[in-house]
Amino acid sequence: MAVNPVFVATWRFGMDAARAGWSRLAQGATALDAIEVAGNLTEEDPTVNSVGYGGLPNAAGQVELDAAIMNGVGHWAGSVGGLQRTRKPISVARRVYEKTPHTMLVGENARQFALRQGFPEANLLTPESEERYHEWLKTQAGADVAHFDLGPTNSQPPKALTPDDHDTIGLCALDANGDLAVGCTTSGMAWKVPGRVGDSPIIGSGLYVDNEVGGAAGTGHGDEMMKACVSFRVVMNMERGMTPTEACVEALRYLMRKRPPEAHDHYGAALIALRKDGLYGGAATYSGFRHPDRLWQWAVATSAEPVLHEGVYVTLDRNLDTLE
Ligand code: ASP
């Protein structure tokens, strides 16, 4: 029996991805193909300064991309971390699965793999992202930023992020056949320590799917989120009977419970989820993602025109649906 396709994407800029992904699904594409098409669309958009081409660089001025894709059918995944000078990293991630016996490739060897797979060498910096890097560099007077003099360390609260320093496109799709796939692609946190890999390409952290249950994807402070395997937890929560929103809320509370309060006052973490029956949801930590300049918004397409949702905002003990 044909199922109504659903496509969910993080952030306001995910509206275009949701529209493109859904229209592919409506034409009969698999969830996996729709995820790749939607991911590529955002990766190739130079105005999105946290994903793919035009993404903000690390402390040494290099753009290092993280991306992963996971298919509910066959429960397979492909992933790349710290990929430089290559466009369309989510497609490279797919090739890792399809063309190697492995799941994840990183760094220079991931780039060499991409080259051999026909992804040409590319400059990922735009004039705008380069200018932003030089502006940032001016604020770092005296620090040897390219060589790890970046603090705070893991024993201190994470550094508060400014609204436009990061953001990941997380993607969940349900196709007409009732199959699920998920994806995640990002340039990670701007000005990160060179070599840093975030949560986005880590299966179970940035994304996870179980074709019998549902899928989830995350965005936010990856160094925090990867400590709690949040996407895996969301899917397990749905397996235990929670709605997608309840599942996201519980996973965020778990993360907050595990980390000291002074840590979660400084970070934002957000999750989207899509269940096998087409029900979807999302949630974000109140701190970090309630900022007036960067409300937690996520796009859902169940027809040609996607709808932008906001909230649910979560503290350790309360849900705050939307800002008044
Ligand atoms: N999760 C990404 C990272 O930590 C950033 C983000 O989604 O905002 O690299």
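One-based numbering, in listed order, for ligands and for the atoms of each. Everything numeric in this text was worked out from a predicted model, so none of it was measured.
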Say whether [X], considering both its backbone and side-chain N or O atoms, lies within less than 3.5 Å of an N or O atom on ligand 1.
X	answer
His221	no
Asp167	yes
Gly222	yes
Thr219	yes
Gly198	no

Close approach, Arg196 and ligand 1, non-hydrogen under 4.0 angstrom: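 Distance cut 4.0 Å: Arg196 passes for ligand 1.
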
Under the salt bridge (Lys or Arg N to Asp or Glu O under 4.0 Å) rule, what pairs show up with a residue in residues 237-255, not counting sequence neighbours?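 Non-adjacent pairs meeting salt bridge (Lys or Arg N to Asp or Glu O under 4.0 Å): Arg233-Glu250.
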
Please, which pairs that meet salt bridge (Lys or Arg N to Asp or Glu O under 4.0 Å) have at least one residue in residues 193-215, sequence neighbours excluded?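 Passing the test, one end in residues 193-215: Arg196-Asp223.
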
Can Arg132 and Glu135 be counted as an ion pair, charged N to O under 4.0 angstrom?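 The answer is no: the pair does not qualify as a salt bridge.
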
Out of all atoms in ligand 1, which are within 4.0 Å of some heavy atom of [X]? Include the element for each.
X	answer
Met189	4 (O), 9 (O)
Gly188	9 (O)
Gly220	1 (N), 2 (C), 3 (C), 4 (O), 5 (C), 6 (C), 7 (O), 8 (O)
Asp199	1 (N), 2 (C), 3 (C), 4 (O)

Once you round to the nearest 0.5 Å, how far does CG of Asp175 lie from CG of Leu32?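 Going from the CG atom of Asp175 to the CG atom of Leu32 covers 9.5 Å.
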
Using the ring of each side chain (for Trp, its six-membered ring), is Tyr97 parallel, tilted or perpendicular to Trp76, with breaks at 30° and 60°?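 Parallel: the ring planes of Tyr97 and Trp76 meet at under 30°.
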
Parallel, tilted or perpendicular, as decided by the 30° and 60° cut-offs, for the rings of Tyr280 and Trp298: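 Geometry flag for Tyr280 against Trp298: perpendicular rings.
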
More than 12 foreign heavy atoms under 6.0 Å from NZ of Lys88: is that the case here?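 Counting neighbours around NZ of Lys88, 12 or fewer heavy atoms of other residues, nucleotides or ligands fall under 6.0 Å, so no.
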
